Amino acid sequence: MKNISRICVLVVLGFFVSMNFIPAVHVGAVPPPSPSLFEIPGPMTYQASAHPFGPANEVHVAVNPLDDDHLLVVAKDYSLGDCDFSTPSGSGFHVGSASYVTKDGGLTWTRSRVPMPYPFVGPIVGLPYACGSDPVALFGPDGTAYYVVLNFDYQGPNLGRRAAIAVARSPDGGETWPGSEIRIVEDSPVVDKEWGAVDDEGRLHIVWSDHTTNTIWYRRSNTAFEFTEPAINMGSGLPGAQVDCGTDDEVYVFWRSGNNIRFRRSTNEGADFEPMTTPFIIDRYHAPYDTPRIWCLPSIVVDDKPDSDYTGRIYLAWQDEDGLAYSNIWMRYSDNEGDTWSAAVLVDENDDPALRSIFPSMSLSRNGRVDIAWMQEGPDANVFNAYAARSFDGGFTWSQYGAVSDRPVIAEFSFHQSGSYFIGDYIGSASTNCRIWVAHPQTHGINPPSKIIRTDAYLTKVSTCWKIDIAVNKLGILISEIEDHIRGPIGPWPPCPPVDCPLNPGQGNSLITKLEVATNKLSQLNVKAASGVLKAFYNEVKALMKASVIPPDLGRSWDDSATEIRNLLV
């Protein structure tokens, strides 16, 4: 037990250690004491992509529902592709699909390339695709990792473009992507902007657009990872549809068409869909193709968490002028499967009419906390930082994390494969009970000056309840101290004299059990219950002191530790 306790302490401390897979930038230090239990410390920002031959952007992230320390980051990586798009200036970038995996909460990372599958049809049958774009990271309910990607080629003016939507499945959580585990969802030269979700039975639900007809399409797999059913035409709309699954058999698809938010619902796991509706109209989004080009993708997430107070609620976020500013992040929710919606709630605090908030990405913790990350401009044009906010009351009110990136992404150093300015079309977020992870582009090499100035993929970790982390750490230390004063099988061996080990195994186990229960309650964010258990521990130590079992100085030391932990939770 002693070794296990100390290992737990090291794991908690390990969350505050920089990654060792690639150069890391640690932003901020352990914050001073704060009266707020959920006070935010300085975020930790890590560089996920580091390659001398090309930048990266369009970053997305997913967390394994079975393991909070297992994250899959994906990016549009310009060092991995085999294609070259010429520009008038004669420069271009090779764009491919990259994944970055950590299974220990960021201590170590594995970087790999997702292979480009062979097409079923196309101008040159059998030739592998050269380019990868628009990556999306997913985990299934059993912890299986998936990578949704647009594969494409530009084969010259005489052969034109060929493309396919593909899904890769990883047997080891994203570290490798075997070619045998890749499925073509749709093979057509006009496909673009795919997205995906996995339901609780392991089916994949994929949406994409036909960019020549502005049509949104949907297709699902069976539970054996086979896409055998035909695609469903969802209706007209702009690229950037989103899909998520409900708590039962519901599948929800949202997209934007002009000023309209379009919506279709399935109640039979995506076998068919009810007619398209327009639940509400947005004001307008300004200049979607300015420099850098900025896409308007809505973000949807459905609360399927059994521990949440808002299970079944649908959240939808988007960027919109709404008559207030250049663009802000707005959000609505529905508690009746999309039949009616709440009033729009303003999420960000950007009230400068010259600046833009863009690229909302929503995620949910198991206890129902809603997080939204986005990119926010300012004060210089076309220079964006990653921001985030959280809601503990189902999206009714929002508290700001503030800026979470330590450096901005600068458009003039962030490129598309064509060579034009491009910061990506979206970012990603993933949430656990005590963390939000934000995947975003960021420009480096400027301060301090470097010969290479480029935008790469970054991942920022923000602790949403850092005081709980500290309390768990202190509980582990206190457990180890008590173990050192127990005589018998769980204490020092051979048995030490009572003056050094005053507790018998029964007394020691009773104290340790209370601290372990308090630790478990804190992992569930049940602060009130944890505080009550610590009070019982305090009273038991007092009783042992009164019975002259524990020396006064030792008892006071343990009481002081328990009091310090309880004060952290006030």
Side-chain angles (χ1 to χ4, degrees), residues 60 136 193 195-197 205 207 209 216 218 234-235 237-247 250-267 270 273-285 288 295-305 308 310-322 324 327-348 357-365 368-375 388-391 393-398 425-431 436:
H60 196 250
V136 177
K193 276 290 167 289
W195 210 263
H205 304 263
V207 291
S209 69
I216 304 300
Y218 162 90
M234 303 300 287
L238 298 175
Q242 301 269 301
V243 60
D244 204 1
C245 304
T247 56
E250 308 91 1
V251 180
Y252 305 106
V253 179
F254 288 83
W255 68 95
R256 175 175 167 257
S257 179
N259 287 19
N260 301 305
I261 294 294
R262 305 293 193 189
F263 168 56
R264 290 191 70 175
R265 173 178 61 199
S266 171
T267 58
F273 283 79
E274 297 174 1
M276 181 178 67
T277 64
T278 303
F280 51 89
I281 298 174
I282 63 177
D283 183 36
R284 66 189 178 97
Y285 174 64
W295 217 280
C296 185
L297 279 71
S299 179
I300 173 182
V301 66
V302 181
D303 190 340
D304 60 352
K305 314 300 182 184
S308 170
Y310 305 96
T311 303
R313 178 167 288 186
I314 308 171
Y315 298 92
L316 181 70
W318 70 98
Q319 57 200 48
D320 188 1
E321 280 194 18
D322 201 31
L324 293 182
S327 65
N328 288 95
I329 305 302
W330 296 83
M331 177 241 121
R332 294 177 187 255
Y333 59 84
S334 172
D335 287 323
N336 51 17
E337 300 180 357
D339 287 339
T340 59
W341 292 82
S342 71
V345 177
L346 180 64
V347 175
D348 67 328
S357 294
I358 60 174
F359 297 172
S361 175
M362 285 193 296
S363 52
L364 280 162
S365 67
R369 188 191 72 249
V370 193
D371 293 315
I372 298 183
W374 69 92
M375 302 297 289
R390 67 197 185 276
S391 175
D393 57 10
F396 186 70
T397 60
W398 291 86
D425 288 328
Y426 53 86
I427 63 172
S429 64
S431 298
I436 175 175

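Since the structure is predicted, the reported quantities are computational estimates derived from the model, not experimental observations.
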Test of understanding: with side chain to side chain donor-acceptor pair (under 3.5 Å), list the residues that count as partners of [X], not counting sequence neighbours.
X: D335; result: R313
X: W318; result: D320
X: D425; result: K193, R293
X: N336; result: S334, T340

Self-check item: Side-chain donor or acceptor of Q319 paired with backbone N/O of F359 under 3.5 Å
Solution: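 Flag set: sc Q319 to bb F359 pair under 3.5 Å.
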
Going by the rule side chain to side chain contact (heavy atoms under 4.5 Å, CB included), which residues pair with [X] if we only count those two or more places apart in sequence or in a different chain?
X: E250; value: T247, D248, Y252, E337
X: S365; value: N367, R369, S431, N433
X: S308; value: D303, K305, Y310, T311

Exercise. State which residues pass ring-ring contact (aromatic ring centres under 6.0 Å, His included) with W195; sequence neighbours excluded, sorted by chain then number.
Key: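 W195: ring-ring contact (aromatic ring centres under 6.0 Å, His included) contacts with H60, Y426.
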
Quiz prompt | Non-neighbouring partners of Y333 that pass ring-ring contact (aromatic ring centres under 6.0 Å, His included), sequence neighbours left out | solution =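 Testing Y333 for ring-ring contact (aromatic ring centres under 6.0 Å, His included), a comparison that skips the adjacent residues, returns none.
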
Quiz item: Which residues pass the salt bridge (Lys or Arg N to Asp or Glu O under 4.0 Å) test with R262, sequence neighbours left out?
Solution: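 Salt bridge (Lys or Arg N to Asp or Glu O under 4.0 Å) check on R262 returns nothing, list empty.
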
Quiz item: So is R332 actually on top of F280's ring, under 6.0 Å and inside 45° of the axis?
Solution: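 Yes; both conditions hold, so R332 lies above the ring face of F280.
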
Exercise. Examine W330 together with Y315 and report whether their ring centres are nearer than 6.0 Å.
Key: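 No, too far apart.
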
